[in-house]
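A short write-up of the structure that comes next.
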Amino acid sequence: ETASGSEKSKSYRDLKNDASKTSTRVKIIEICTESSFQPLFQLYIVYISLMRWAIGTGMVTRNQEDDQHFHLIVNRHWREMLSIGVSILSLSWGYTSYYRRSKNGALGMLPTLIYFTSTLLFVFTRILCFEMFSYSIGPGKIGLAMAFVGIHVIVMSVIDFIFSYS
């Protein structure tokens, strides 16, 4: 009877691990879709204000009026900038926790921090690339850019689902 209980215990443990991996994959897809679009929209809005400020003077000089205008932009958009930062951090942490879960918690604190930092830089540069792409389409065409981002998310999700080992 002990061997039977051991087999049941192993079976339930395997089922729990499979459910946990599926749950983690669903969470990463949720993090991808929610935390990716929000900073794209908000950075688009903040970047427009910063570009108007930078192009408005026509030169890069440091004077009192330019500094006041820049601080006005920062004071006006501080919530958006905070939200952008939180979204990027949560997206990076989501990928890090997914990777750590896929390694069954075998990563220590230092490797996790290194992986988190590399993921943070990866996410930040990817969001900036999408921003530059949306501005290259033309000003005010954020809907078209978001359609391309949505297509990108769907294609990458399908590729991940097909080629993932978990």
Side-chain angles (χ1 to χ4, degrees), residues 2-51 54 70-71 73-136 142 145-166:
T2 307
S4 174
S6 175
E7 286 179 24
K8 284 182 181 179
S9 176
K10 183 181 179 322
S11 173
Y12 287 130
R13 189 177 310 119
D14 291 343
L15 286 172
K16 179 191 152 276
N17 286 338
D18 289 343
S20 179
K21 285 181 182 179
T22 302
S23 172
T24 304
R25 177 177 268 171
V26 168
K27 286 180 185 176
I28 199 71
I29 291 171
E30 178 186 3
I31 288 170
C32 258
T33 54
E34 288 180 6
S35 294
S36 296
F37 286 107
Q38 183 179 0
L40 289 173
F41 281 125
Q42 291 176 340
L43 191 58
Y44 190 85
I45 292 168
V46 172
Y47 192 70
I48 286 174
S49 296
L50 289 174
M51 287 305 293
F70 179 75
H71 289 297
I73 291 171
V74 171
N75 288 336
R76 182 176 167 203
H77 293 292
W78 73 270
R79 288 178 194 89
E80 288 90 353
M81 288 189 249
L82 178 66
S83 180
I84 291 165
V86 169
S87 293
I88 290 173
L89 286 173
S90 70
L91 189 57
S92 301
W93 185 252
Y95 281 120
T96 303
S97 65
Y98 177 71
Y99 183 72
R100 190 170 185 188
R101 176 69 189 133
S102 71
K103 299 296 179 192
N104 293 325
L107 291 178
M109 185 60 112
L110 183 62
T112 300
L113 287 174
I114 291 170
Y115 188 81
F116 173 73
T117 303
S118 68
T119 305
L120 180 69
L121 295 173
F122 170 74
V123 166
F124 187 70
T125 55
R126 180 163 283 201
I127 286 178
L128 286 179
C129 285
F130 278 126
E131 284 300 317
M132 295 303 116
F133 171 72
S134 65
Y135 279 105
S136 71
I142 187 75
M146 288 300 124
F148 281 116
V149 170
I151 291 169
H152 172 76
V153 167
I154 290 169
V155 167
M156 296 312 292
S157 296
V158 168
I159 289 172
D160 179 62
F161 183 73
I162 292 171
F163 294 108
S164 178
Y165 297 114
S166 58

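Enclosure of atom CZ in Phe124 is not indicated, since only 12 or fewer non-hydrogen atoms of other residues, nucleotides or ligands lie within 6.0 angstrom. In this structure, Met109 places its CE atom where only 12 or fewer heavy-atom neighbours from other residues, nucleotides or ligands lie under 6.0 Å away.
Glu131 and Leu43 get closest at one heavy-atom pair: CG-CD2, 3.4 Å. Considering every non-hydrogen atom in both Glu80 and Gln42, the closest pair reads O-OE1, 3.6 Å. Nearest approach of Gly94 to Ser97, heavy atoms of both residues: O-OG, 3.0 Å.
To the nearest 0.5 Å, atom CD1 of residue Ile154 and atom CD1 of residue Ile159 are 12.0 Å apart. Rounding to the nearest 0.5 angstrom, the gap separating the CD1 atom in Ile127 from the CD1 atom in Ile84 is 8.5 Å. In this structure, Leu89 CG and Thr96 OG1 are separated by 10.5 Å, a value rounded to the nearest 0.5 Å. Atom CG in Leu121 sits 10.5 Å away from atom CD1 in Ile88 (nearest 0.5 Å). The distance from the CH2 atom of Trp93 to the CZ atom of Arg100 is 6.5 Å, given to the nearest 0.5 Å. The CD1 atom of Ile142 sits 7.0 Å away from atom OH of Tyr135, with the distance rounded to the nearest 0.5 Å.
Remark: Phe148 engages Phe133, Ile137, Leu144 in a side-chain contact (heavy atoms from CB on, under 4.5 Å) (not counting sequence neighbours).
The shortest side-chain heavy-atom distance between Thr119 and Tyr99 does not fall under the 4.5 Å cut-off.
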| message | If you apply the rule ring-ring contact (aromatic ring centres under 6.0 Å, His included), what do you find for Phe116 with Tyr95, and how did you get there? | response | CA-CA 8 Å; Phe116 173 73; Tyr95 281 120; over 10 Å; no
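With Ser83 contributing its side chain and Arg79 its backbone, the two residues share no donor-acceptor pair below 3.5 Å.
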